Amino acid sequence: MPESDKHLGDSLDKVLEKESRSGRALSRPWQAVLSALGILMVGVYFYAAGIAPLDTQYHRGIYVLLTYVMILLAYPARSKSSRVRPTVIDGLLVFAAVVSVGYFILEFEAFNYRSGNETSADVWISVVGVLVSLEVCRRVLGWSMTLVGVFFLVWGIWGNVFPEPFTHRGFNVERMAVSLFMEQSGVFGIMANVLVNYVILFIFFGAFLKKSGVGRFFIDWPMAFAGGTAGGPAKVAVIASAFFGSVSGSAIANTVSTGAFTIPLMKRAGFRPHVAGAIEPSASIGGMFMPPIMGAGGFLMAELTRVPYVDIMKMALFPALLYFFSVMTMIHFEAKRQNIGGMYTGEGESAGEIFRRHWYKSLPLFVVVALMLAGYSPGLSAFWATLSCIVVSWFDPEHRMGPREVLDAVDMGARNTLVIGATVGVIGIIVGTIALTGIGLKFSDIIISLSQGNLPLAIILIGIASLILGMGVPVTASYLIVAVLAVPALTQMMEAAGIPGHSAASMAIATHMIVYWFSQDSNITPPVCVAAYAGAAIAHSDPWKTGWTAFRFAKLLYVVPFLFAYQPPFLLYGTWVQIVMAFFFASVGTLAFSALTMGYLLRRTSIFEWLLLAAATFLCFYPDRRLGLAGLMMAAGVFVWQKWMGRGDAGSGQKA
């Protein structure tokens, strides 16, 4: 292996260690056991999605059981362990997982009848189940998130010794354990429900997309389409991330998979290493907002708000496109400012020729969208879309999927679920403790008190809370925790603000969208910007510098939540005229915002032009359409003035 490749592999391992720990290199017999469990998992949930649903206890319990057993076999107790087979301790923990989760499944109905009069077996099994859940999380995600779960357990038991406003009467160990494990508000609660109904099916779908060769089309076509334009490889990164991101369910996974191809191309085109390493994660987080799949957060939002996922998908589309438009225009201005041209490394085929030969590879995504728009459940849509990947692969001899390839995709899909599956127990502990103690209402009072009733300040505080929480837990967990705690306060403040056009339904979605968008900020905002660090590892650039550059390209992430709060048409609430006008002015505002932040439109902006663009950005984003028209005129004025002064004058193309 070349030294540079070895260095890159080591760097990526260190970065990915921040998100999840590495599994052990199992011997062949144990690999076969793990694969068999994975095939069983995929088989059970494809059956449940496409043929016949399972009862609640089996639907959630089997997933938690298989996930726990697979993690305990695949992930060692110590991260640096070199053992190729599970230890005796691993075997005992597997036995504990089987007994505790099996007890939940078998006693589910009987427990519901005796709830409030639990037996000693209920208590002891629950204690074991909670401890196993913590150990499963620690093995995959390390100590940071595990300690968050431990803190909530300690706080739930000894809440009476905590200071105001976090004090509560406290619950004994028996009540805490049973509530968190046997009842449906903890380990087998909302997170488990969302994972088994939606998320893991789309993770399986993503594995089949990759194995069937569909993914290659979403690299080759953008490369031919945009690769030859100014800063072309960076624009390819944006387009590819839009396709891949919503399927992968992880900004880090998206950065690593597409960045391995696009970041070296960006460097060859002329982008500085830290800029190339920053553009990919900035684009990759957009996949978390992009329909049809939106990672895991969109499904959680549907569950929390009781709004059909297809409606959330429709409302999320334009904001996601706006985000990608922002990153794309910033890249264009950066490329023009630095005199970076395009490049094309294909075989001479045009974008049209590639699309004509391989258009059918986009069918799986169209199947997902069409079925959900037709009213079918996301799970059933994922089921048929996954089968369509197999059919599509038969038309490409290079990627044709036979029985062996199907089994490989099944195995890959099951293993890809383990990282997010490791969170199910600890998130259940956190959310269950919040529900048991009623801290959500107190937290709402804290936000209202700190913001003094000021809605913009409250939104900023929620963004800061998401950033801090995201440093220790995955973004999906961050969204769920902040949503449970902060959404009631945010809803109350929006009601008090009396924003025109907002109804109870629109405010419910707006508040969750605000929290969900902010939940992604820890991926690209220093100091703990893991997606940016992954980009830095591939680009061989300074991680700190790459992190701040990623923050620079992703700044619209911090603007859109305010649009959710103050512009109901932005979420499709209002007349068609209001919605079209909101989209139009938001697009103009985004263009002005990109030029403002990059200091370039047709040429470098002067201080006066910069001030005009700042005013234009604010006015276009402001809900009053008369002020938006004024902002439009200002932005157009800067464009005309720069056009008249001469596009790209002699000094404008020199490198900074």
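Hydrogens, waters and symmetry mates are skipped; everything else that's a heavy atom, side chains included, is used. Everything numeric in this text was worked out from a predicted model, so none of it was measured.
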**OP:** Measure from the ring center of Phe108 to the ring center of Phe104 and say whether it is less than 6.0 Å.
**Re:** yes
Original post:
Sub-3.5 Å donor-acceptor pair from the side chain of Tyr47 to the main-chain atoms of Val42, do we have one?
Top reply: no
Using residues 292-313 as the side-chain source, report each donor-acceptor pair under 3.5 Å to any protein atom, sequence neighbours left out, with the distance given to one decimal.
from: Glu303; atom 1: OE1; to: Asn193; atom 2: ND2; distance (Å): 3.4
from: Glu303; atom 1: OE2; to: Asn193; atom 2: ND2; distance (Å): 2.8
from: Thr305; atom 1: OG1; to: Met301; atom 2: O; distance (Å): 2.7
from: Thr305; atom 1: OG1; to: Val307; atom 2: N; distance (Å): 3.4
from: Tyr309; atom 1: OH; to: Pro292; atom 2: O; distance (Å): 2.8
from: Tyr309; atom 1: OH; to: Ile293; atom 2: O; distance (Å): 2.9

Original post:
Thr423 side chain to Ile420 main-chain N or O, any donor-acceptor pair under 3.5 Å?
Top reply: yes
Original post:
So, for Trp517 and Tyr558, is the gap between ring centers shorter than 6.0 Å?
Top reply: no
Original post:
Has the side chain of Gln578 got a donor or acceptor atom that lies under 3.5 Å from a matching backbone atom of Thr575?
Top reply: yes
Atom pairs and distances, donor-acceptor, side-chain atoms in residues 317-324, under 3.5 Å, two or more places apart:
from: Tyr323; atom 1: OH; to: Ser282; atom 2: O; distance (Å): 2.5

Original post:
Looking only at side chains, do His332 and Lys235 share a donor and an acceptor under 3.5 Å apart?
Top reply: yes
Original post:
side chain to side chain contact (heavy atoms under 4.5 Å, CB included) with Ser466: which of Ile514, Asp521, Thr525?
Top reply: Asp521
**OP:** Flag the pair Val484 / Ile430 as yes when at least one side-chain heavy-atom distance between them is below 4.5 Å, and no otherwise.
**Re:** no
Original post:
Side chains of Tyr45 and His59: is there a donor and an acceptor less than 3.5 Å apart?
Top reply: no
Original post:
Mind checking whether His358 and Tyr360 have parallel, tilted or perpendicular rings, split at 30° and 60°?
Top reply: tilted
Original post:
Just by modelled atom types, is the Leu73 backbone N or O under 3.5 Å from a matching donor or acceptor in the Arg24 side chain?
Top reply: yes
**OP:** Decide yes or no for Val560 and Met513: does some side-chain heavy atom of the first lie under 4.5 Å from some side-chain heavy atom of the second?
**Re:** no
Original post:
Is the backbone of Ala385 close enough, under 3.5 Å, to the side chain of Ser388 for a donor and an acceptor to pair up by distance?
Top reply: yes
**OP:** State whether the side chain of Ser393 and the backbone N or O of Met401 hold a donor-acceptor pair below 3.5 Å, judged by distance alone.
**Re:** yes
Original post:
Hey, does the side chain of Tyr516 reach the backbone of Phe289 with a donor-acceptor pair shorter than 3.5 angstrom?
Top reply: no
**OP:** Determine, for Arg400 against Asp396, whether the closest basic-nitrogen to carboxylate-oxygen distance falls under 4.0 angstrom.
**Re:** no
Subject >> All side chain to side chain contact (heavy atoms under 4.5 Å, CB included) counterparts of Ala234, not counting sequence neighbours >> reply: Met266, Phe271, Ile279, Ile331
Subject >> Tyr58 atom OH, over 12 foreign heavy atoms within 6.0 Å >> reply: no
